[in-house]
S.K.: 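Dropping a structure here in C-alpha cells format, bear with me for questions.
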Amino acid sequence: MKPGTPVLRSTRLLDQVRERIRYLHYSLQTEKAYLHWVRFFIRWHGRGGVMQHPREMGAAEVEAFLTMLATERQVSASTHNQALSALLFLYREVLGMDLPWLHGINRPTQKRRIPSVLTREEVASMFQFLEGELALLAKLLYGTGMRLMEGLRLRIKDVDFDRQVIIVREAKGGKDRVVMLPRSLAPALHEQLLRARAVWGADRQAQRGGVETPHALEQKYPKVGQTWAWFWLFPSPSFSVDPRSGVERRHHLFEERLQRAIKKAVTQAGICKPVSVHTLRHSFATHLLQAGTDIRTVQELLGHSDVSTTMIYTHVLKMAAGATASPLDALCTEGSAA
C-alpha cells in the first residue's frame, strides 16, 4: 500500500472498496458508482460460472471490459471514464497494485459541447409554471449560478442577509465559494426561513435526531446537528434513513422533485430546447457575460478552477448575439436591390 495508508480492516473486497472510499472522504454518489463498476467488472468476467479475484486479472481483462462498454453497451465517454476511474481506484487504492499497465490505459476524450441556454424571456416564462419552494429554489439557482445539490445543501448559517451573500460549502472539488444573494429573493427567502423554522421546531419538540453534519462534527460538538444554524434551508417534508449510518433523520429536499417540476414547466411554457436544472446555471453565466460582467468574475461565481471552462459561454454568447452576418443575406440584399 501507499506510505501512510492505513491497513484495511475489512476482509470482503466490496467492503474494502467502501472502507477506502470513506477514509478518503469521497461522496456517497462516488461510493455507489465505484461499487457498481467493481461489482460489474467481477461479474462480467465471471459470467462463465468461475469468479476471479481482481488480483488474478490484469490489463487484458480491464481492457476487455472497457471495450465491451464502448462497443456493446455504447456508453458515453463520461460513463466510460467513470468505469475506468473505478477500476484504477480498485487496483491502486484498495489492492495497492500500481502496475505499469495501469498507466498505459487510454481514456476516451470527451467532446466539448456548447450548452443549451435559455433567453431571459424563456426563463421568466418557465418560472410562471413553478410554485412554492420549488419556484424559489429554481430562481435561487438561476440567480446565483449554483448547482442543484449546492442549493439543496444550503444551511441556515450559509445565508447572510446583512452582506447579501450566500456561502456555498464544499462544492465540486471540496471548495467553498461566495455568491451573491439576489435582492429580489430576500423577502421569499425570509418566508422560507420561517417555514424551515417551523419544521425545525416541530422536530425539536418531538425530540427527533438532528440533521446530518459533515466529517463527524457531532463527535466534536455533540448535538450540533440539532441546532438551528445547521438546519436545512430547504428541508424535506419527510424523514429518511441515512444510507451510511442507518440513522433516521430529516434530509433536504429530494433532488428529483425540482427536476420533475422543471421538466413539466418547460413543456407548459412551450420551450423547445433541451432543458434541465443545470440549464439555469448555464443561463446565469451567459446572461452575466451579456450584461458585460468580467469573465474572471463569472469564473469565481461558478467555482471553475480554470478560466478555459468558463470560456465555453463566450461561444454561446457569440451565437446568441448573431454578430457575424451570413453571406446569403448579402446576396439576397444585392438581388433585391437589382
S.K.: What pair of heavy atoms forms the shortest contact from Ala265 to Leu130, and how long is it?
M.R.: CB-CD2, 3.9 Å

S.K.: Scan side-chain atoms only and decide if Lys175 and Ser305 contain a donor-acceptor pair under the 3.5 Å cut-off.
M.R.: yes

S.K.: Which pair of non-hydrogen atoms, one from Glu248 and one from Phe239, has the smallest distance, and what is that distance?
M.R.: CG-CB, 3.9 Å

S.K.: Is it the case that atom CZ in Arg43 sees more than 12 heavy atoms from other parts of the structure closer than 6.0 Å?
M.R.: no

S.K.: Quick check: does any side chain N or O of Ser125 sit under 3.5 Å from a backbone N or O of Glu121, one acting as donor and the other as acceptor?
M.R.: no

S.K.: Using the ring of Trp232 (Phe, Tyr or Trp, six-membered ring only), decide whether Arg155 places NZ or CZ under 6.0 Å from its centre and within 45 degrees of its axis.
M.R.: yes

S.K.: Please test Leu95 against Leu13 for side-chain contact (heavy atoms from CB on, under 4.5 Å), starting from the C-alpha separation and ending with a verdict.
M.R.: CA-CA 9 Å; Leu95 302 179; Leu13 180 63; 4.0 Å; yes

S.K.: Under 3.5 Å, side chain of Arg281 to main-chain N/O of His278, donor-acceptor pair present?
M.R.: no

S.K.: Just wondering, are more than 12 heavy atoms of other shown residues or ligands nearer than 6.0 Å to CD in Glu131?
M.R.: no

S.K.: Establish, from distance only, whether the side-chain atoms of His304 and Thr310 form a donor-acceptor pair under 3.5 Å.
M.R.: yes

S.K.: Using side-chain contact (heavy atoms from CB on, under 4.5 Å), reason through Trp200 and Ile156 one step at a time and then give a plain yes or no.
M.R.: CA-CA 11 Å; Trp200 174 80; Ile156 301 302; over 6 Å; no

S.K.: Hydrophobic clusters here meaning ILVMFWY residues chained together by side-chain heavy-atom distances under 4.5 Å, can you tell me if Phe254 and Leu154 are in one?
M.R.: no

S.K.: Mind checking whether Leu14 and Leu35 have side chains closer than 4.5 Å, heavy atoms only?
M.R.: yes

S.K.: Looking only at atom types and distance, does a side-chain atom of Glu61 sit under 3.5 Å from a main-chain N or O of Gly58, one as donor and one as acceptor?
M.R.: yes

S.K.: Do Pro6 and Arg20 touch side chain to side chain, with heavy atoms closer than 4.5 Å?
M.R.: yes

S.K.: Do Arg250 and Arg208 come close enough that some side-chain heavy atom pair is under 4.5 Å?
M.R.: no

S.K.: Hey, are the side chains of Val94 and Ile21 touching, using non-hydrogen atoms and a 4.5 Å cut-off?
M.R.: no

S.K.: How long is the span from the CD atom in Gln192 to the CZ atom in Arg195, to the nearest 0.5 Å?
M.R.: 4.5 Å

S.K.: If Ile, Leu, Val, Met, Phe, Trp and Tyr residues are connected whenever their side-chain heavy atoms lie under 4.5 Å apart, and connections chain through other members, are Ile312 and Val298 in the same group?
M.R.: yes

S.K.: Just how far is it from atom CG of Leu136 to atom CZ of Phe127, taken to the nearest 0.5 Å?
M.R.: 10.0 Å

S.K.: Might you point out which heavy atoms bring Met180 and Gly143 nearest each other, and give the distance in Å?
M.R.: SD-O, 3.5 Å

S.K.: Supply the atom-to-atom distance Met126 CE to Lys139 NZ, rounded to the nearest 0.5 angstrom.
M.R.: 10.5 Å

S.K.: Are there over 12 heavy-atom neighbours, none belonging to Lys273, within less than 6.0 Å of that residue's NZ?
M.R.: yes

S.K.: Could you go through the side-chain contact (heavy atoms from CB on, under 4.5 Å) check for Asp15 and Glu19 one step at a time?
M.R.: CA-CA 6 Å; Asp15 289 339; Glu19 181 181 334; over 6 Å; no

S.K.: Once you round to the nearest 0.5 Å, how far does OG1 of Thr267 lie from CD1 of Ile262?
M.R.: 11.0 Å

S.K.: Tell me, do Val266 and Thr279 make a side-chain contact under 4.5 Å, heavy atoms counted?
M.R.: no

S.K.: Hey, any chance Ile42 and Phe40 share a hydrophobic cluster, counting ILVMFWY side chains that come within less than 4.5 Å of each other, even indirectly?
M.R.: yes

S.K.: Find the distance between NE2 (His251) and CG (Leu253) and round it off to the nearest 0.5 Å.
M.R.: 10.0 Å

S.K.: Hydrophobic clusters here meaning ILVMFWY residues chained together by side-chain heavy-atom distances under 4.5 Å, can you tell me if Ile167 and Leu185 are in one?
M.R.: no

S.K.: What are the two closest heavy atoms between Ala86 and Trp37, and how far apart are they?
M.R.: CB-CB, 3.7 Å

S.K.: Taking the side chain as every heavy atom from C-beta outward, state whether Arg120 and Val123 have any atom pair closer than 4.5 Å.
M.R.: no

S.K.: Name the orientation class of the two ring planes belonging to Phe41 and Phe65 (parallel below 30°, tilted from 30 to 60°, perpendicular beyond 60°).
M.R.: perpendicular

S.K.: For Met68, is the CE atom crowded, meaning more than 12 foreign heavy atoms sit under 6.0 Å from it?
M.R.: yes

S.K.: Got a donor-acceptor contact below 3.5 angstrom from the Ser236 side chain to the Ser238 backbone?
M.R.: yes

S.K.: Decide, yes or no, whether a salt bridge links Arg153 with Glu170 under the criterion of side-chain N to carboxylate O below 4.0 Å.
M.R.: no

S.K.: Do any N or O atoms from the side chain of Glu122 and from the backbone of Thr119 form a donor-acceptor pair under 3.5 angstrom?
M.R.: yes

S.K.: Output, in order, the C-alpha distance, side-chain angles, deciding distance and verdict of side-chain contact (heavy atoms from CB on, under 4.5 Å) for Phe161 and Leu189.
M.R.: CA-CA 9 Å; Phe161 287 98; Leu189 284 172; 3.8 Å; yes

S.K.: Can a donor-acceptor pair be found, under 3.5 Å and without considering hydrogens, that links the side chain of Tyr23 to the backbone of Leu8?
M.R.: no

S.K.: In this structure, are over 12 heavy atoms from other groups packed under 6.0 Å from Arg204 atom CZ?
M.R.: yes

S.K.: Going by an N to O cut-off under 4.0 Å, is there a salt bridge joining Arg18 and Glu31?
M.R.: yes

S.K.: Identify the two heavy atoms, one from Val168 and one from Met146, that lie closest to each other, and give their separation to 0.1 Å.
M.R.: CG2-SD, 3.7 Å

S.K.: Can you tell me how the ring of His282 sits relative to the ring of Tyr313, calling it parallel under 30°, perpendicular over 60° and tilted otherwise?
M.R.: tilted

S.K.: To check you understand the geometry: which heavy-atom pair defines the closest contact between Gly151 and Leu141, and what is its length?
M.R.: CA-CD2, 4.1 Å

S.K.: Are Trp228 and Phe234 linked, directly or through intermediate hydrophobic residues, by side-chain heavy-atom contacts shorter than 4.5 Å (ILVMFWY only)?
M.R.: yes

S.K.: Can you measure from CG (Leu280) to CG (Leu118) and round to the nearest 0.5 angstrom?
M.R.: 7.0 Å

S.K.: Return yes if some donor-acceptor pair links the side-chain N/O of Arg169 with the main-chain N/O of Asp176 below 3.5 Å, else return no.
M.R.: no

S.K.: Tell me, do Asp158 and Leu233 make a side-chain contact under 4.5 Å, heavy atoms counted?
M.R.: no

S.K.: Measuring only between side-chain heavy atoms, which start at C-beta, is Lys172 closer than 4.5 Å to Arg147?
M.R.: yes

S.K.: Counting heavy atoms not belonging to Lys157, are there more than 12 under 6.0 Å from its NZ?
M.R.: yes

